[in-house]
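Scroll down for the structure; my scribbles are underneath it.
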Amino acid sequence: MCGIAGALAIEPGRTVDADRVRDMTHRLAHRGPDGDGHWSDDANRVCLGHRRLSVIDLSTGDQPMRDAETGVVLTFNGEIYNYRELRRDLEREGVRFRTTSDTEVLMRAYILRGPDFVEDLRGMFAFGLWDPRAETLLLARDRIGKKPLYHALVDGVLYFASTFGALLHGAGIRDEADLQQVAGFLTLGYVPAPSTIHPSIGKLQAGTIARVDASGMYVRTYWDPAEPVEPFDGAWDDAVDTLDDLIRTAVDIRLRSDVPLGVFLSGGIDSSLVAAIASSVARTQILTFSMGFGQDGFDEVHHAAAVAQRIGSEHRSFEARFDAIGLIPRIVEHYGEPFGDPSAAPTWVLAENTRQHVTVAVGGDGGDEGFGGYDWYRTAARIRRIRSNIPGGVARIGSAVLASTGATFGPVGRLARASALIAAEEPGRFAALRSFVDPALARRLYAAPLLEAFEADLAALHRTVSTIYRDAGGSDLRRMRVVDMKTYLADCLMPKVDVATMAHGLEARAPLLDHEILRFALALPDEWVSDATTGKRILRAVLDRYLPASLFDRPKQGFDMPLSDWFTRELKPLISRLPESESLIGSGWFRSDGLRQLVDEHLAGRRDHGDRLYNFLILDEWLKVHR
């Protein structure tokens with residue numbers, strides 16, 4: 001796990017400013033505290049930089065790595081979990097290696113097989129690869145989007161880096177905001193790829209590879225969860241056996257490390273399964289780590305401790321209280337773009353403490369998207385059943401009448417939102433369920449410029465969701481999971497974990513996000529994935545082989561700070577100041593009276609606006625830094 005940066009002069013007569021690349025690389029030091037390296041060609045057309053966190057091949061895996069015969073140069077961030085198997089295949093074809101690193105396996109695979117080699121990789125990665133024979137720079141991101149990659153064209157030179165901040169400041173880009181993406185952030189809590197909050201900076205989408213040369217940048221998708229898969233052909237017991245084998249393999253190859261390794265154990269289904277399997281396949285006692293909030297009903301630390309005792313791990317538990325909100329300035333600094341997932345703060349605290357003991361941590365991310373764990377899937381199903389009993393015309397007329405009242409807050413506002421969901425078509429309904437701001441609320445909160453940007457962004461969001469729905473095929477449950485994989489998972493959950501862990505030089509691995517597991521999950525019948533009350537049916541069946549049901553058979557609980565509660569008590573002064581914020585109101589984007597109503601309704605307990613208020617706190621801090 002590392003940080004990468006680089007540049008390629010595209011326009012004729014341009015050269016790369018190597019000092020800018022060095023500056024970008026320097027700003028990535030937290031991602032790679034164990035070493036740095038740079039390479040430039042003689043003509044100053046291309047320059048690559050690297051910061052290293054040593055995990056595999058501690059002595060000979062330095063980067064950028066160059067092949068003397070072909071001149072190919074690689075800067076690589078991530079881990080290739082099947083590198084040993086790929087290495088054996090390449091050696092059978094006559095390839096000779098000088099290191100034991102996965103970096104060289106990646107480079108040799110490209111030299112032998114060309115750009116399509118990415119389809120053989122089983123891992124998490126972002127890389128820049130310069131091939132002087134074709135005068136081409138390749139940029140790529142792993143299938144799920146665990147590793148980030150930002151890019152921008154500055155004065156005829158294409159710059160790229162692992163973080164938004166390193167690119168923005170290192171490449172000398174003027175700070176500004178794309179108003180449509182500001183609206184998008186407040187709607188979703190993150191800015192989806194390929195856009196960023198900056199109009200001149202983009203980010204590579206998950207599962208894509210880009211070719212950059214004198215004619216420009218061309219991006220193609222090499223993996224898409226929406227692609228059709230053959231339905232699983234077998235009985236329930238066969239599926240459970242298959243999934244058990246897939247997860248055991250995914251966990252086993254992610255335990256490969258030359259440095260200390262542990263497991264994040266929240267006590268939920270996903271992390272308990274990963275920890276139990278890790279304990280069964282590891283050759284030594286594993287270390288497990290959990291995070292709590294010191295408040296009953298908001299964490300599963302007691303369950304995690306019970307699981308740890310059962311599997312025999314050496315367990316440590318940490319705690320984040322309401323003052324964790326003070327991490328917002330550091331979160332804004334490291335994420336670069338506004339990032340509104342409240343669980344970023346506890347993930348930050350967990351990573352900071354875990355790094356005192358290990359360099360690599362394996363976690364349970366991915367179970368919800370793959371195996372239907374989110375409550376909003378079942379909410380969508382309930383609304384669909386209601387809609388099936390109401391004629392479409394009646395639903396639309398009722399929604400229009402309630403919308404015409406202009407009500408946003410209070411009982412009428414709640415009824416208007418519910419009727420709008422019932423009247424919506426399936427893709428639009430799911431987009432609305434995944435949004436924090438609807439048109440009625442936007443009209444109360446946003447001034448004219450931002451309201452116009454919101455309407456454009458909402459239309460784009462609905463187009464995106466509708467396209468994924470159409471392309472994914474299958475049941476509504478399968479389509480919703482694919483939408484989440486391509487948006488929420490890739491552009492929210494993956495950056496959350498990557499930035500929070502790499503801020504402390506900790507590598508995070510997620511076996512349940514192995515693409516073979518996700519492909520298998522998307523091939524299953526709906527009833528094996530989720531029913532009317534719960535998701536992860538088949539995942540629970542696998543876990544039942546490792547742990548007694550008493551340790552995991554309970555309602556789903558998330559990993560979020562109890563913000564809604566804290567905002568009405570300890571943090572009440574913090575949100576009460578938002579309607580008068582100099583940064584927010586001074587931007588000219590917001591209506592103070594609307595923000596006041598939002599705060600007041602939350603404090604009165606009439607509606608939970610905790611996530612929306614957190615997004616405004618993040619944006620307030622971001623504006624202080626960037627405007």
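The figures that follow rest on heavy atoms only: side chains count, while hydrogens, waters and symmetry mates do not. The first residue in the sequence is number 1, and the count goes up from there.
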message = Determine whether Glu176 and Arg174 satisfy the following criterion, salt bridge (charged side-chain N to carboxylate O under 4.0 Å, His left out), listing intermediate values before the conclusion.
response = CA-CA 6 Å; Glu176 54 184 305; Arg174 188 171 69 89; 3.5 Å; yes
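- From Arg378, atom CZ reaches atom OG1 of Thr533 across 7.5 Å, with rounding to the nearest 0.5 Å.
- Side-chain atoms of Ser162 and Lys147 form no donor-acceptor pair, as typed in the model, at a separation below 3.5 Å.
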request  = Walk me through it: do Arg321 and Asp323 pass the test salt bridge (charged side-chain N to carboxylate O under 4.0 Å, His left out)?
outcome  = CA-CA 5 Å; Arg321 293 187 176 269; Asp323 54 1; over 6 Å; no
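- With salt bridges taken as basic N to acidic carboxylate O contacts below 4.0 Å, none links Asp593 and Arg444.
- Counting heavy atoms from C-beta on, the side chains of Leu574 and Trp566 never come closer than 4.5 Å.
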ask   = Under the side-chain hydrogen bond (donor to acceptor under 3.5 Å, both in side chains) criterion, do Tyr488 and Glu369 qualify, and how do the steps go?
value = CA-CA 9 Å; Tyr488 180 62; Glu369 293 79 14; 6.0 Å; no
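- Put simply, the side chain of Thr221 never gets that close to the backbone of Trp223: no donor and acceptor are under 3.5 Å apart.
- Rounded to the nearest 0.5 angstrom, Asp365 CG and Ser266 OG are separated by 9.5 Å.
- In this structure a side-chain-to-backbone donor-acceptor pair under 3.5 Å is present from Arg481 to Gly370.
- Stacking of Arg537 on the aromatic ring of Phe371 is not recorded, the 6.0 Å distance cut-off and the 45° axial limit not both being met.
- Atom CD1 of Ile618 is separated from atom CG of Leu613 by 12.5 Å, given to the nearest 0.5 angstrom.
- A salt bridge is absent between Arg143 and Asp224: the closest approach of a Lys/Arg side-chain nitrogen to an acidic carboxylate oxygen does not fall below 4.0 angstrom.
- Using a 4.0 Å cut-off between charged side-chain N and carboxylate O, Glu580 and Arg596 make a salt bridge.
- Annotation: side chain of Phe293 is in contact with side chain of Pro346 (closest heavy-atom distance under 4.5 Å).
- Under a 4.0 Å N-O distance rule, the pair Lys203/Asp491 does not qualify as a salt bridge.
- Between Arg577 and the options Ser581, Pro579, Pro573, a side-chain contact (heavy atoms from CB on, under 4.5 Å) holds for only Pro573.
- A donor-acceptor distance shorter than 3.5 angstrom exists from the side chain of His602 to the backbone of His609, with no hydrogens or angles considered.
- Looking at Glu507 and Arg509, a side-chain N of the basic residue comes within less than 4.0 Å of a carboxylate O on the acidic one, giving a salt bridge.
- Arg591 places a side-chain N or O within 3.5 Å of a backbone atom of Arg443 that can act as its donor or acceptor partner.
- Put simply, the side chain of His504 never gets that close to the backbone of Leu506: no donor and acceptor are under 3.5 Å apart.
- Judged purely by atom type and a 3.5 angstrom limit, Ser466 has no side-chain atom pairing as donor or acceptor with the backbone of Arg463.
- Remark: the backbone N or O of Phe436 is paired with a side-chain donor or acceptor of Arg612 at under 3.5 angstrom.
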request  = Using the salt bridge (charged side-chain N to carboxylate O under 4.0 Å, His left out) rule, take Lys536 and Asp368 through it: C-alpha gap first, then chi angles, then the decisive distance, then the call.
outcome  = CA-CA 7 Å; Lys536 307 181 186 178; Asp368 289 309; 3.0 Å; yes
task = Show the numbers, then the answer: is there a ring-ring contact (aromatic ring centres under 6.0 Å, His included) between Tyr159 and Tyr150?
result = CA-CA 8 Å; Tyr159 291 89; Tyr150 294 85; over 10 Å; no
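- Residues Phe616 and Phe590 bring their aromatic ring centres within 6.0 Å.
- When every heavy atom of Leu603 is checked against every heavy atom of Thr568, the shortest pair comes out as CD2-CA, 4.0 Å.
- Val349 places a side-chain heavy atom less than 4.5 Å from the side chain of Met291.
- Partner of His334 under the ring-ring contact (aromatic ring centres under 6.0 Å, His included) criterion, out of Trp348, Trp622, Phe339: Trp348 alone.
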request  = Report the C-alpha separation of Phe164 and Ile197 in whole Å, then their side-chain angles, then the decisive distance to 0.1 Å, and conclude whether the side-chain contact (heavy atoms from CB on, under 4.5 Å) test is met.
outcome  = CA-CA 10 Å; Phe164 178 89; Ile197 199 68; 3.7 Å; yes
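- Under the 4.5 Å side-chain criterion, counting only non-hydrogen atoms from C-beta, Asp341 is in contact with Cys492.
- Inter-residue side-chain proximity for Thr163 and Val499 is flagged as unmet; no heavy-atom pair is nearer than 4.5 Å.
- Using modelled atom types, no side-chain atom of Tyr469 and backbone atom of Phe430 make a donor-acceptor pair closer than 3.5 Å.
- Remark: Arg478 CZ to Leu522 CG distance equals 5.0 Å, nearest 0.5 Å.
- Asp531 is not listed as a side-chain neighbour of Asp526, based on a closest heavy-atom distance of 4.5 Å or more.
- Looking only at distances, no side-chain donor or acceptor of Ser564 sits under 3.5 Å from a matching main-chain atom of Asp608.
- The number of heavy atoms from other shown groups lying within 6.0 Å of CD (Glu452) does not exceed 12.
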inquiry  = Does Arg31 form a side-chain contact (heavy atoms from CB on, under 4.5 Å) with Asn77? I'd like the steps, not just the answer.
reply    = CA-CA 10 Å; Arg31 296 183 67 94; Asn77 168 31; 3.3 Å; yes
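- For the side-chain contact (heavy atoms from CB on, under 4.5 Å) criterion with Phe264, the lone passing option out of Thr354, Val497, Val362 is Thr354.
- The distance from atom CG of Leu563 to atom CG of Leu571, rounded to the nearest 0.5 Å, is 7.5 Å.
- A salt bridge does not link Asp514 with Arg519: none of the charged nitrogens is closer than 4.0 Å to a carboxylate oxygen.
- Of all non-hydrogen atoms in Ser583 and Leu623, the two that sit nearest each other are O-CD1, 3.6 Å.
- With sequence neighbours left out, the salt bridge (Lys or Arg N to Asp or Glu O under 4.0 Å) criterion links Arg479 to no other residue.
- Considering CG of Leu451 and CG of Leu445, their distance stands at 10.0 Å, rounded to 0.5 Å.
- Of all non-hydrogen atoms in Leu204 and Ala210, the two that sit nearest each other are CD1-CB, 4.0 Å.
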